[in-house]
Amino acid sequence: MGGGSVTGRAVEALTAYRVLLRATRRTFAGDSLMLTQSAAEVRKKFEENRGVTSETEIQRLLEEAREASHFISNMIVQAKLNSRGGYEVKPGQEHVGATLEVPSEEIIRESG
């Protein structure tokens with residue numbers, strides 16, 4: 001087994017992990033519950049796959065991590081409670097072309 005490729009893969013996985021965490025921190029800024037839960041979920045997924053040795057499987061997992069980072073950064077917009085008691089969504093330039101889905105009041109009440 002070539003030590004260089006294993007080290008390279010470890011660095012690649014760590015980079016993917018950090019990029020994914022950065023995406024969640026940026027997207028869910030100010031929402032401590034979502035920040036905590038998303039970070040725990042990302043860590044769990046990476047831990048579950050720590051022992052994967054198949055090159056094909058590793059490539060697939062790294063691609064999934066890249067897609068997840070892109071999705072979180074570009075397709076999710078966090079609604080913020082405004083001073084009038086309603087929720088506002090302010091998409092950024094990175095969200096151009098995203099489909100906007102506003103949760104129902106029932107979903108918001110259940111999650112609060």
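Contacts classified as ring pair (Phe, Tyr, Trp, His ring centres under 6.0 Å) and involving residues 21-76 (residues at least two apart or in different chains) are given here: Tyr17-Phe46.
Scanning all heavy atoms of the two residues, the minimum distance from Leu35 to Thr24 falls at CD2-O, 3.7 Å. The two residues Ala23 and Ser69 have their closest heavy-atom pair at CB-O, 3.9 Å.
The pair Arg60-Glu57 meets the salt-bridge criterion, with a side-chain N (NZ, NE, NH1 or NH2) lying under 4.0 Å from an Asp/Glu carboxylate O. Using a 4.0 Å cut-off between charged side-chain N and carboxylate O, Glu47 and Arg50 make a salt bridge.
Panel note: side chain Thr27, backbone Ile72; a donor-acceptor pair is recorded below 3.5 Å.
Through side-chain heavy atoms spaced under 4.5 Å, either directly or across other Ile, Leu, Val, Met, Phe, Trp or Tyr residues, Val52 is tied to Ile58, Leu61, Leu62.
Around atom CZ of Arg18, no more than 12 heavy atoms belonging to other residues, nucleotides or ligands sit under 6.0 Å away. Within 6.0 Å of CZ in Arg66 there are more than 12 heavy atoms belonging to other residues, nucleotides or ligands.
With rounding to the nearest 0.5 Å, the separation of OG in Ser38 from CZ in Arg43 is 13.5 Å. Here the CE-CD distance, from Met34 to Glu41, works out to 10.0 Å after rounding to the nearest 0.5 Å.
By the side-chain contact (heavy atoms from CB on, under 4.5 Å) test, Thr15 pairs with Val11, Val19, sequence neighbours left out.
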